[in-house]
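All remarks here apply to the structure that follows.
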Amino acid sequence: MNRIDQCFARLRDESRKALIPYITAGDPAPQYTAEFLHALVEAGADLLEVGVPFSDPMADGPVIQKACERALKQGTRLSHVFDIVREFRQEDTRTPIVLMGYLNPIERMGYDTFARECRAAGVDGVLIVDMPPEEADELSVHLNEHALHAVYLIAPTTSDERAAVIGRHGSGYLYYVSLKGVTGSASIDVEAVSRQLAHLRQFSDLPLCVGFGIRDAQSAAAVAQVADGVIVGSALVGLIADNADTPDVIATKLAGTLAGMREAMDRT
Amino acid sequence: MSRYSDLTRLPDARGRYGVHGGRFVSETLSFALEELERIYAGLKDDAEFQAAFDYDLSHYVGRPSPLYHASRWSNELGGAQIWLKREDLNHTGAHKINNTIGQALLAKKSGKPRVIAETGAGQHGVATATVCARLGLKCEIYMGAEDVERQKLNVYRMRLLGAEVHAVESGSRTLKDAMNEALRDWVTNVDDTFYIIGTVAGPHPYPAMVRDFTSVIGREARRQSLEQIGHLPDALVACVGGGSNAIGLFYPFIEDEGVAMYGVEAGGEGIESGRHAAPLAGNAPRGVLHGNRTYIMSDEGGQVLDTHSISAGLDYPGVGPEHAHWKDIGRVNYVVANDDQVLEAFREVTRIEGIMPALETAHALAHAKVLAREMTPDQHIVVNLSGRGDKDILTVARIDGIEF
């Protein structure tokens, strides 16, 4: 069984919601990422989204754009991201990892090699921002072959027709983009999200996790009331940016912020 | 039947040209593209819409543009006869207006009051700002900060026309970054915003739509060739950045097997220097950027490379997916002209014909020169004179060591 499925089954049994942090691999430098991931797990992360840096992150706001720039400046490429996952897996074989990024580095590597490398390194799923299900048929074959989940986005603008297609193609969980915009933009409207999620339940039995616009313990707790999981990215990446010159303090700060979210989510 | 007949049936239902094209966008934009595809499919063959488009092209743009025999330059070169398709004489001074007229009519039809666009040299930005002024649409233009610097005149033109110009500071601060930022804007304001893409790239249906609007160039050139030359030309030449003016000229000739075609990319300081913007001639790998699969200049890790060209309008690491397909099947020859050859052609055509071309266009002229000399005086080449050079005067002056 895929680690992602195990994770959500366990959470369901415990009546808890998933807390899913996102950080960009290689930010501020590749040697720190595995340490940050361990710190996030200790602070209460259930699943980890690891960003693959890309030169043209079209769906990301300035915070994650700059994270990509820092990581690329340090030479972080897709092959290094696998090294980071491998390093993480030496100590943690339980927490699922989803790679999140854009298609071009994967096209360049080749779909088959990519899927094989994911599997070998200990990746459990992939979320490719600029690959909607209609364009995913070729890659899906390779992902299936290596038992990797394909996580897809659902947006407030997604039609029912498309939601049904995405529900059929997706595996692991569905990532509901809470707002129209790029990562790290305006705050979330929990009531609207709640309505949308209720509507989306008819199209899929997959866990529905919500990202974009969750920046503190309060919004995390509010979203956890209505969703199966809470994804937090820019708020953490912003912490890395603020402390990029003193990388040794970053793990502690990330853990502190995430622990606050965990606590608020579990309290409610 | 020509062996190229199939080419007029592309793209397929998924927006593919062979393996290229498609719709690689984040989920938030999918609905907007489906909606656009529906609206365009409904209007494409709609007589009233086409009549409105044609009316604007005649009375606002000033079409048809002449096909001019550059006889003095041809004689001087001593080879084939060179004919210039004078898109520089269009309103706003370049071929870009043909496409923006079409897309602005679509914006109006779809009821979206706000228009955004990306621009490199500023020609597409100016063309967009112009049609928005005329139709009363709010207009915001994204332009790389480096291009804002080297195309100051066009920036000011856009502002005079009422557009807001955003200088994009991210990445390489050129056209690709402007497109990233425009996509970010669109994803945020997708409900009330129409994105007028300026070239035959981007997610389906943009490449097909832009091709259709801009093909008026080739339809006229084909008719004019028959009238003025008496037969079809032997070769067509156009510069290729994203590839809109080239597709505009080539597409109506695509089934004419006897017509050779040359797309001229920006060789910059030379392909071997790595400082160029020639994904096709430079044999860049296949990739996905800005919503479509095509050839993209990227490093081994799939990171998009910075490009270099003397002309801001060609400074783009990708190329329209239909060009990528034409390269695959060998229909079009993709070649380069380097910065120094471009400047030479710019000066030569200005002095000999009294026509000052845009630096983008001068790439096509530079190759036409090479080609003409390999051909005979009874042969004919049509070059797309895609834009006028006024916007580049400061750039050329700077190279000559003159500051104003």
Next item on the list: Taking the side chain as every heavy atom from C-beta outward, state whether Asn104(A) and Leu289(B) have any atom pair closer than 4.5 Å.
Entry: no
Item checked: For chain B, which residues of residues 115-130 of chain A have heavy atoms nearer than 4.5 angstrom -> Val129(A), Asp130(A)
Notebook entry, point to check: In Å, rounded to the nearest 0.5 Å, how long is the span from CD of Glu35(B) to OG of Ser159(A)?
Noted result: 11.5 Å
Next item on the list: Compare all side-chain heavy atoms of Val304(B) with those of Phe54(A) and state whether any distance is below 4.5 angstrom.
Entry: yes
Notebook entry, point to check: How many angstroms lie between atom CG of Leu103(A) and atom CZ of Arg293(B), to the nearest 0.5 angstrom?
Noted result: 6.5 Å
Next item on the list: Taking all non-hydrogen atoms of both residues into account, name the closest pair between Gly171(B) and Glu69(A) and its distance.
Entry: N-OE2, 3.7 Å
Check: Do the side chain of Arg184(B) and the main chain of Gly61(A) share a donor and acceptor less than 3.5 angstrom apart?
Finding: no
Notebook entry, point to check: Are there residues of residues 311-321 of chain B that reach to under 4.5 Å of chain A by heavy atoms, and which ones?
Noted result: none
Checklist line | Residues in residues 23-33 of chain B near chain A [non-hydrogen atoms, under 4.5 Å] | finding: Arg23(B), Phe24(B), Val25(B), Ser26(B), Glu27(B), Thr28(B), Ser30(B), Phe31(B)
Item checked: Asp299(B) side chain near Arg77(A) side chain, heavy-atom distance below 4.5 Å -> yes
Item checked: Residues in residues 133-142 of chain A near chain B [non-hydrogen atoms, under 4.5 Å] -> Glu134(A), Glu135(A), Asp137(A), Glu138(A)
Margin query: To the nearest 0.5 Å, what is the distance between CG on Leu179(A) and OG1 on Thr188(B)?
Written below: 8.5 Å
